[in-house]
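Worksheet: the structure to be examined is printed underneath.
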Amino acid sequence: MDLIKPKTMPGVMELLPLEQIAFQNMLDTIRRTYERFGFLPVETPVMEYTKVLLTKSGGETERQVYFAQSTGALQQERQPELAMRFDLTVPLARYVAEHERKLIFPFRRYQIQRVYRGESAQRGRFREFYQCDIDVIGKDKLDLYYDAEIPAAIYTLFRELDFGKFTIHMNNRKLLAGFFAHLGIEDAQQQMLVLREVDKLDKRGRGKVVETLLAEPFSLAQDTVDQLMNFVGSGEGRTNRETLAALRELGIEQEQWLVGLNELTQVITQLEQLDVPEDYVNINLAIARGLDYYTGTVYETLLDDHPKLGSVCSGGRYENLAGYYTKSKLPGVGISIGATRLFFQLMDAGLVNLGQNSVKVLVTQMDPSLQEDYLQITAALRAGGINTQLMVEGGKFQKQLKFADRSGIRFTLIMGEKEKAEGYVTVKDLTKGEQLEIPRDQLVARLQALIDG
RNA sequence: GAGGGUGUAGCUCAGUGGUAGAGCUCCGGAUUGUGGCUCCGGCGGUCGUGGGUUCAAACCCCAUCACUCUCCCCA
C-alpha cells in the first residue's frame, strides 16, 4: 500500500511540545494582562452565517474567506451559508448587536481565538492564526479615555512578554483627513488611496512614495506632496509634546483637523497620567492602517530591535461597530495581536525561550526491585502539586537520564539501595549539573522550593 | 490576481548522460549507580508526477502538480 505523505497545509503553524509550552506561556501572559485591565472573556464560533460575515467586507477580504458547508448540502448544490471568521472584530459586532440588552456598557471584552484567511503562501502569513483582541464598546458614545487605556494595556503586556524595547506608534485619522482636506484632497476614496501610499513609507522609502504620488493616477502637485511629506515626517526626532506643538503651529483651522489634534493631545496626556513612559509611545503621522473602518486614533506596535517583523499589534477607534446589525450606535476602540505570526517570528529571531518542559520531575528506576517506592514517591509528588513523570520502562540508567535531558525535564529523582537504606532521595538538577540528598519526608517541600527558586 | 525561483534521505543540500552521496537528526554500542561532548556502527530515497529522446536519464525535451519569493493586502 502506498503511504500518504504526512503533512500540513501551508500557512498553518504546528509546534513540537516544548515549543507549544512556550507559545501557551505567551498566551497565558496575554490573558492574564488583559484580565488585569478589566476585560472579560468572550468566545464566538469559528463559523458564522455567510450573510453576517460578509456584510461590510467585499473586495480583498471576501476573496480570502473560507466557506463551509456539509457535504450533504454540497451534494444538493446549495450555496454555502456558513463561512469561517477572518478576524474577531466582525464576530464581536454581531455578538454585541445580538446580546445588546444583556450586556453592560461600556462593554470590555478580550478574545483569544483562531481566525482563518485564504492567504497565498508567504513567509509569516498564515491561513490559520491566533488573534488576541481587546475592545471597549460604548452605547451611543465612548469616552476618549479608552483610546489611552488600550495602549496602556499593550504597554504593560509587552513589558511582561519581555521581547525587548518596543514602541507603540499612534496617529489620528481625523487629523490626517483634516490635513488632506487642507491640502485640497477632499474625496474620501482619494484620501484613502493616498493614505495607503503614505503608510508604505517605511517599507518602500520616501523616494518611491513621492514618485508614486506625483504620477498617475494620483497626479498630485509637487508642492502638495512636499507639504504632505513634511507633515508626515513632523513626528520624527521629536518628543510627543514637541510634535503636538509643531502641529499646532501649522495654524490650520480645518474643523476635522482641530478635532483630531485635540483628541491626540488628550490621549497622549492621559497616557502620561497612566504612567506609560514617553519613550514607549510615539506620535507617528505616517501610519494610517489600511483598514477603512478606523475613524480616530490608530495604533501600530513595533519591536525596536526587530523592525523587519513589522507591526506585531495594531488597532484603533471606530465610530460605529455594528451598523449592519443594529440601529443602535456602538462606537468602540480596540487592538489585536497576531499571536501566531508574533511567536513564529520571535522563534525565528531566537527570542523564544525553549526547553522548559511543564513536567518538572522525572522519577527514575535505578533498581527495579524498588518499584513500589518509586510509585509511592510519584504519587506523593503529584499530590503535592508537582508535575511528575515516572520512568515506567526503567532500563539502563544512562538512558533514563538521557530521556530526562532530551525531554527538557529539569529534575531527576534517584533512589537505589543506598538511598533506600538511609531514608533519603538523590535529586539531580540537570540544568545546573548538581545533585543533593533530601530526606524522603521533606521531598515535596524541598523540591517545590527548588522548582520555584 | 501579476511576475520570478525551486522540487534528490525525517531536515539542510551536493551530484549536468554510465551501479544514489555528505552533514545533521533518529536508533544501537563504547563492561555492571549518572545526561549534554567524543568515537564506532546501523536505519533511511521508485531523485515531485506523467510522457518523450537515448544502448543508458536525478541530469536532456515536453507537460503537469506541489512548494516558495516579490507585488497587492493584512496580524
Side-chain angles (χ1 to χ4, degrees), chain A residues 2-3 5-11 13 16 30 57-65 85-89 112-133 154 192-193 195-197 199-200 203-204 208 212 287-294 299-302 309-316 334-346 355 362 364-368 370 391 394-420 425-435:
Chain A
D2 281 349
L3 295 175
K5 186 166 188 171
K7 62 170 187 175
T8 57
M9 60 184 245
M13 182 175 77
L16 295 171
I30 295 171
S57 62
E60 202 53 39
T61 356
E62 185 159 346
R63 248 173 52 196
Q64 296 189 339
V65 169
R85 60 175 175 225
F86 51 85
D87 71 7
L88 299 178
T89 305
I112 301 175
Q113 290 194 276
R114 290 195 257 215
V115 303
Y116 299 83
R117 289 185 196 176
E119 293 271 4
S120 58
Q122 211 175 121
R123 183 167 191 74
R125 320 197 61 163
F126 291 89
R127 289 176 171 173
E128 176 188 72
F129 61 97
Y130 272 92
Q131 285 199 326
C132 310
D133 281 30
I154 293 303
M192 202 46 233
L193 292 173
L195 270 179
R196 279 206 183 142
E197 277 311 308
D199 203 34
K200 290 175 199 157
K203 205 170 167 185
R204 296 186 61 198
K208 291 245 168 155
T212 308
I287 67 152
R289 312 259 50 244
L291 289 175
D292 48 0
Y293 51 73
Y294 295 121
Y299 316 103
E300 210 153 273
T301 308
L302 280 90
L309 300 195
S311 173
V312 292
C313 166
S314 43
I335 203 161
S336 175
I337 299 174
T340 302
R341 178 188 280 181
L342 177 60
F343 183 79
F344 178 80
Q345 289 173 321
L346 289 172
L362 181 75
T364 61
Q365 299 210 54
M366 171 73 72
D367 182 346
L370 297 178
M391 191 72 211
K396 289 182 73 170
F397 192 61
Q398 285 187 55
K399 284 188 71 174
Q400 299 191 40
L401 278 187
K402 192 169 181 173
F403 176 89
D405 183 45
R406 291 195 52 200
S407 304
I409 301 173
R410 181 169 171 189
F411 296 100
T412 54
L413 253 53
I414 304 167
M415 188 179 76
E417 291 176 62
K418 197 173 61 179
E419 286 89 349
K420 167 75 173 170
V425 177
T426 299
V427 173
K428 183 178 174 80
D429 180 339
L430 295 192
T431 306
K432 291 186 176 170
E434 297 168 353
Q435 52 189 59

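Here the structure is a predicted model, which means the values were calculated and not measured.
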(message) In this structure, how many angstroms lie between the C1' atom of B:rA75 and the CD atom of A:Gln345, rounded?
(response) 9 Å
(request) Determine the interatomic distance between P on B:rG15 and the same-named atom on B:rC71; round to the nearest Å. (result) 30 Å
(message) Has A:Thr340 got a side-chain atom pairing as donor or acceptor with A:Tyr130's backbone, closer than 3.5 angstrom?
(response) yes
(message) Need the pair for B:rU31. Rule: Watson-Crick or G-U wobble, both distances under 3.5 Å, any strand; none if unpaired.
(response) none
(message) Base, sugar-phosphate or nothing for A:Ile337? Non-hydrogen atoms, less than 4.0 Å.
(response) nothing
(request) Take atom P in B:rG4 and the same atom in B:rC47, then report the distance between them in whole Å. (result) 30 Å
(message) Distance criterion of 3.5 Å, no angle test: do you see the side chain of A:Glu419 paired donor-to-acceptor with the base of B:rG33?
(response) yes
(request) Write down the distance between CZ (A:Arg127) and C1' (B:rU68), rounded to a whole number of angstrom. (result) 12 Å
(request) Report yes if the side chains of A:Gln113 and A:Leu88 come closer than 4.5 Å at any heavy-atom pair, otherwise no. (result) yes
(request) Could you give the distance separating B:rG41 and B:rG48 at their C1' atoms, to the nearest angstrom? (result) 33 Å
(message) Output the rounded distance in Å from CD (A:Glu434) to C1' (B:rG35).
(response) 15 Å
(message) Mind checking if A:Arg406 touches a base, just sugar-phosphate, or nothing, with heavy atoms under 4.0 Å?
(response) sugar-phosphate
(message) Any base atoms under 4.0 Å from A:Lys399, or only sugar-phosphate, or nothing? Heavy atoms, all strands.
(response) sugar-phosphate
(message) To check you understand the geometry: which heavy-atom pair defines the closest contact between A:Val312 and A:Ile337, and what is its length?
(response) O-CG2, 3.7 Å
(request) Please determine if a side-chain N or O atom of A:Lys7 lies less than 4.0 Å away from the OP1 or OP2 oxygen of B:rC11. (result) no
(request) Could you please name the option among B:rG35, B:rU68, B:rG33 that lies closest to any side-chain atom of A:Asp405? (result) B:rG35
(request) Could you check how far CG of A:Leu430 sits from C1' of B:rU34, rounded to whole Å? (result) 9 Å
(message) Centroid separation under 6.0 Å, is that true for the rings of A:Phe129 and A:Phe344?
(response) no
(message) Under 4.0 Å, counting only non-hydrogen atoms across every strand here, what does A:Tyr130 touch: a base, just sugar-phosphate, or nothing?
(response) nothing
(request) In whole angstrom, give me the gap between the P atoms of B:rC40 and B:rC62. (result) 46 Å
(request) Rounded to whole angstrom, note down the C1' distance from B:rC11 over to B:rG45. (result) 14 Å
(request) Identify, between A:Cys313 and A:Leu401, the residue whose nearest nucleotide on RNA chain B lies closer to the 5' end. (result) A:Leu401
(request) Could you give the distance separating B:rG21 and B:rC60 at their C1' atoms, to the nearest angstrom? (result) 22 Å
(request) Return yes if the base of B:rC74 and the side-chain atoms of A:Arg341 contain a donor-acceptor N/O pair under 3.5 Å, otherwise no. (result) yes
(request) To the nearest 0.5 angstrom, please state how far the CG atom of A:Leu401 sits from the NZ atom of A:Lys396. (result) 12.5 Å
(request) Indicate, yes or no, whether a donor-acceptor pair under 3.5 Å links the base of B:rC73 to the side chain of A:Arg196. (result) no
(request) Would you state whether a donor and an acceptor, one from the side chain of A:Gln435 and one from the base of B:rU34, lie under 3.5 Å apart? (result) yes
(request) Rounded to whole angstrom, note down the C1' distance from B:rA57 over to B:rU8. (result) 14 Å
(request) Tell me the partner of B:rA2, counting only Watson-Crick (N1-N3 plus N6-O4 or O6-N4) or G-U wobble (N1-O2 and O6-N3) with both under 3.5 Å; none if nothing fits. (result) B:rU70
(message) In this structure, how many angstroms lie between the P atom of B:rG35 and the NZ atom of A:Lys402, rounded?
(response) 10 Å
(request) Look through every strand shown and name the nucleotide pairing with B:rA14 as Watson-Crick or G-U wobble, where both distances are under 3.5 Å. (result) none
(message) According to a cutoff of under 5.5 Å between the ring centres and under 30° between the ring planes, does A:Phe126 stack with the base of B:rA75?
(response) no
(request) Looking at every strand, decide which applies to A:Glu417 at a 4.0 Å heavy-atom threshold: base, sugar-phosphate, or nothing. (result) base
(request) Taking only the side-chain heavy atoms of A:Gln398 (C-beta and beyond), determine which of B:rA75, B:rG35, B:rG33 contains the nearest atom. (result) B:rG35
(request) In whole angstrom, give me the gap between the P atoms of B:rA58 and B:rU53. (result) 16 Å
(message) Using whole Å, what does the distance between atom P of nucleotide B:rU34 and atom CG of A:Leu413 come to?
(response) 17 Å
(message) Rounding to an integer number of Å, can you tell me how far A:Ile112 CD1 sits from B:rA75 P?
(response) 17 Å
(message) Base, sugar-phosphate or nothing for A:Gln365? Non-hydrogen atoms, less than 4.0 Å.
(response) nothing
(request) Would you give the length of the straight line joining atom CG of A:Leu370 to atom CD of A:Gln365, rounded to the nearest 0.5 angstrom? (result) 9.0 Å
(message) Is the shortest side-chain heavy-atom distance between A:Leu413 and A:Thr364 below 4.5 Å?
(response) no
(request) Could you tell me which nucleotide pairs with B:rG45 by Watson-Crick or G-U wobble geometry, both distances under 3.5 Å, or answer none if nothing does? (result) none
(message) Between A:Met366 and A:Glu419, is there a side-chain heavy-atom distance shorter than 4.5 Å?
(response) no
(message) Both A:Lys396 and A:Met415 contact RNA chain B. Which one's nearest nucleotide lies toward the 5' end?
(response) A:Lys396
(request) Hunt down the Watson-Crick or G-U wobble partner of B:rA58, both distances under 3.5 Å, from any strand shown, or write none. (result) none
(request) Would you mind reading off the distance between A:Met391 atom CE and B:rG35 atom C1', rounded to a whole angstrom? (result) 12 Å
(message) Is there a side-chain contact between A:Gln131 and the phosphate of B:rA75, meaning an N or O under 4.0 Å from OP1 or OP2?
(response) no
(message) Is it the case that the base of B:rA75 and the side chain of A:Arg125 share a donor-acceptor contact (distance under 3.5 Å, atom types as modelled)?
(response) no
